[in-house]
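This report refers to the structure that appears directly beneath it.
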Amino acid sequence: MTNLTLRLDSNIATQIDVFRKYGEDAVLMKSLLFYFAYKDQNSLFPNYGTIDVSELTKAIGMSRSRLVEPHPDPAHLRDLKQQLNNPTRLQERIEQEKSDVNLKLFDSRLENALYRLNTEAVRFETGFQHYEEHGSQMTVQKAVTIQFLESVEIRKIRSVSGQEKYVYDYTLSDKFVKNFCLYFSNINFAHYTILRTKNLEDLYVFLMNLRSILREQNTKTTDTVSFNRLCELANITFNLPTEPSDDPTQYVRNKKRWLVNKFKVLNQITNFGVELTFKKSRTQTHAYTPVITFNSPELTVVDNQTMREGFLFQTFCKLMLSKLMELYPNVHFTEENAQERLVKYFGYNDRDEAMITSTYLAAHLRVFKDNQDLRTMAFARNLPSKLFGVKTFGDVQRIFVHKR
């Protein structure tokens with residue numbers, strides 16, 4: 001991986017600790033979501049991908065043996081027990097997987113995490129909003145639950161030498177992908193992976209999201225945050241005093257000291273430029289209200305228009321590829337030939353110009369929340385003729401660059 005920055009849905013970033021309800025499965029489930037986001041944002045292929053375990057181990061910093069070892073209590077097996085409700089039938093079903101890969105249980109740690117991301121919707125209790133398309137209009141719909149994978153399939157591959165391995169084909173849900181261009185936080189995948197070993201990954205994601213919010217507002221670099229919330233995110237837990245003689249303020253002082261140390265570690269690893277100080281509220285006798293200040297130069301004003309224009313081009317290409325895959329189900333589309341397929345279609349005499357125009361407007365709606373201004377409408381109408389005759393994918397990209 002060269003560019004290790006990815007965009008994460010702000011709904012997830014704001015309540016990243018909601019995954020803790022999944023126990024030890026949460027670590028791998030979150031790492032997979034970051035991997036999916038990274039792969040999707042560095043690909044033109046729409047919402048689809050394949051996991052090769054060897055590649056995955058390098059990307060998320062987990063050993064192969066850990067990923068492929070049997071899960072002690074796989075969710076797939078629990079579901080089958082409930083569905084079949086018969087020990088004999090369950091054993092027959094387990095035996096069937098030995099001869100049919102399509103019936104393989106999702107029973108390794110990796111497979112269990114994929115299965116849960118495919119079958120269990122995660123509920124977020126925030127007030128963040130998710131935009132849905134309805135024709136040319138934009139309605140605001142509260143994001144309550146997200147099911148991250150629309151589908152996941154296991155394939156067995158046999159090499160020329162006779163060695164076998166499993167790969168995993170997945171489809172990301174549209175609800176997960178849409179906010180990559182609309183409500184998102186920029187996360188450094190490498191930093192996240194390192195901080196995971198320090199139990200600081202949730203705190204890091206939360207702070208990166210807070211920084212993104214402040215950057216969007218462009219009004220301040222400081223904000224106050226709940227003391228208990230920060231301690232939870234930093235995995236700081238102490239037992240409350242139980243004896244009357246115990247000093248209750250010592251409990252809070254200990255948590256405060258640990259929180260300060262956690263921020264030091266975070267800054268050392270990421271060069272984050274985040275400062276933690278405390279102030280005294282009206283109801284406090286000591287300063288226990290955290291004040292977060294971002295001193296990093298990365299908090300300077302960003303050119304959102306230029307950034308989103310890049311998203312627009314990629315989103316247009318992804319949507320076009322999705323349309324072409326529907327139009328030509330017998331044509332083999334891959335990540336490797338995606339650019340070539342697009343260029344060829346744009347050069348066809350019988351290309352669907354109305355589809356190209358409508359696809360551009362749909363992409364613009366996803367990225368900018370509107371598509372009705374005169375300049376956008378004019379560019380959309382002229383886009384099919386501009387694309388006709390392009391020779392390379394670079395030619396296509398230059399049309400969008402010159403649009404600016």
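- Across every non-hydrogen atom of Leu149 and Leu114, the tightest pair is CD1-O, 3.7 Å.
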- Test side-chain contact (heavy atoms from CB on, under 4.5 Å) applied to Ile356 and Phe316, step by step: CA-CA 9 Å; Ile356 294 174; Phe316 169 72; 4.1 Å; yes
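- Judged by distance alone, the side chain of Asn112 and the main-chain N or O of His71 form no donor-acceptor pair under 3.5 Å.
- Closest heavy-atom contact between Met208 and Asn186: CE-O, 2.8 Å.
- Listed for the Tyr345 side chain is a donor-acceptor partner under 3.5 Å among the backbone atoms of Asp352.
- Residues Leu312 and Tyr360 form a side-chain contact, since some pair of their non-hydrogen atoms from C-beta on lies under 4.5 Å apart.
- Taking the six-membered ring for Trp and thresholds of 30 and 60 degrees, Phe148 and Phe176 have ring planes more than 60 degrees apart, a perpendicular arrangement.
- Side-chain atoms of Phe227 and Lys256, non-hydrogen and from C-beta on, do get closer than 4.5 Å to each other.
- Glu111 contributes a side-chain N or O that, together with a main-chain N or O of Asp107, makes up a donor-acceptor pair within less than 3.5 Å.
- Around the CZ atom of Arg78, the shell of radius 6.0 Å holds more than 12 heavy atoms that belong to other residues, nucleotides or ligands.
- Shown here are the salt bridge (charged side-chain N to carboxylate O under 4.0 Å, His left out) partners of Arg89, two or more places apart in sequence or in another chain: there are none.
- A salt bridge between Asp17 and Arg229 is present, with a side-chain N of the basic residue lying under 4.0 Å from a carboxylate O of the acidic one.
- Between Arg123 and the options Val18, Ile146, Thr145, a side chain to side chain contact (heavy atoms under 4.5 Å, CB included) holds for only Thr145.
- Residues satisfying the ring-ring contact (aromatic ring centres under 6.0 Å, His included) test with Tyr170, not counting sequence neighbours, are Phe36.
- Without hydrogens or angle criteria, Thr357 side chain to Ala380 main chain gives a donor-acceptor distance under 3.5 Å.
- You'll find the side chain of Val68 stays beyond 4.5 Å of the side chain of Tyr166, heavy atoms only.
- Taking the side chain as every heavy atom from C-beta outward, Leu324 and Val331 never approach each other to under 4.5 Å.
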Could you pull out all donor-acceptor pairs under 3.5 Å where a side-chain atom in residues 262-269 meets a protein atom, sequence neighbours excluded?
{"residue": "Lys262", "atom": "NZ", "partner": "Ala234", "partner atom": "O", "Å": "3.3"}
{"residue": "Asn267", "atom": "OD1", "partner": "Gly273", "partner atom": "N", "Å": "3.2"}
{"residue": "Asn267", "atom": "OD1", "partner": "Val274", "partner atom": "N", "Å": "3.2"}
{"residue": "Asn267", "atom": "ND2", "partner": "Phe263", "partner atom": "O", "Å": "3.3"}
{"residue": "Asn267", "atom": "ND2", "partner": "Val274", "partner atom": "O", "Å": "2.7"}

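- The shortest distance between side-chain heavy atoms of His76 and Asn118 does not fall below 4.5 Å.
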- Does the ring pair (Phe, Tyr, Trp, His ring centres under 6.0 Å) test come out yes or no for Tyr38 and Tyr192, once each step is laid out? CA-CA 12 Å; Tyr38 175 83; Tyr192 175 87; over 10 Å; no
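- Looking only at atom types and distance, the side chain of Asn209 has a donor-acceptor partner in the side chain of Thr14 under 3.5 Å away.
- Contact record, Thr193 with Ala59: OG1-O, 4.0 Å, taken as the closest heavy-atom pair.
- The aromatic rings of Phe311 and Phe184 stand perpendicular to each other, their planes meeting at an angle above 60°, with 30° marking the opposite boundary.
- Considering every non-hydrogen atom in both Pro46 and Ser322, the closest pair reads CG-N, 3.9 Å.
- In Glu164, the CD atom is crowded: over 12 heavy atoms of neighbouring residues, nucleotides or ligands sit closer than 6.0 Å.
- Surrounding CD1 of Ile157 are more than 12 heavy atoms belonging to other residues, nucleotides or ligands, all under 6.0 Å away.
- Between Arg66 and Glu69 there is a salt bridge, with a side-chain nitrogen of the basic residue lying less than 4.0 Å from a carboxylate oxygen of the acidic one.
- Each salt bridge (charged side-chain N to carboxylate O under 4.0 Å, His left out) pair with one or both residues in residues 314-323, not counting sequence neighbours, appears once here: Asp40-Lys318.
- With respect to His364, the side chain to side chain contact (heavy atoms under 4.5 Å, CB included) criterion is satisfied by exactly one of Thr359, Thr376, Thr315: Thr376.
- Of the N and O atoms on the side chains of Asn47 and Thr171, not one donor lies less than 3.5 Å from an acceptor on the other residue.
- With contacts defined as side-chain heavy-atom distances shorter than 4.5 Å, the pair Gln147/Lys175 does not qualify.
- For Lys21, the NZ atom counts as densely surrounded, since its 6.0 Å shell holds more than 12 non-hydrogen atoms of other residues, nucleotides or ligands.
- Considering every non-hydrogen atom in both Asn11 and Phe124, the closest pair reads O-CD2, 3.4 Å.
- Here the side chain of Gln314 pairs a donor or acceptor atom with the backbone of Gln41 at under 3.5 angstrom.
- Phe333 is listed as a side-chain neighbour of Phe45, based on a closest heavy-atom distance under 4.5 Å.
- Listed by first and then second residue, the salt bridge (charged side-chain N to carboxylate O under 4.0 Å, His left out) pairs involving residues 333-350 are Glu340-Lys344 (not counting sequence neighbours).
- Here salt bridge (charged side-chain N to carboxylate O under 4.0 Å, His left out) pairs that include residues 23-38, with residues two or more places apart or in two chains, are Glu24-Arg109, Asp25-Arg116, Lys30-Glu201, Lys30-Asp202.
- A side-chain hydrogen bond (donor to acceptor under 3.5 Å, both in side chains) with Asp395 holds for exactly one of Gln397, Lys391, Arg398; it is Arg398.
- Between the Asn382 side chain and the Ala378 main chain, a donor and an acceptor come within less than 3.5 Å of each other.
- Two residues are said to be in side-chain contact when any heavy atoms from C-beta on lie closer than 4.5 Å; Arg7 and Cys181 meet this criterion.
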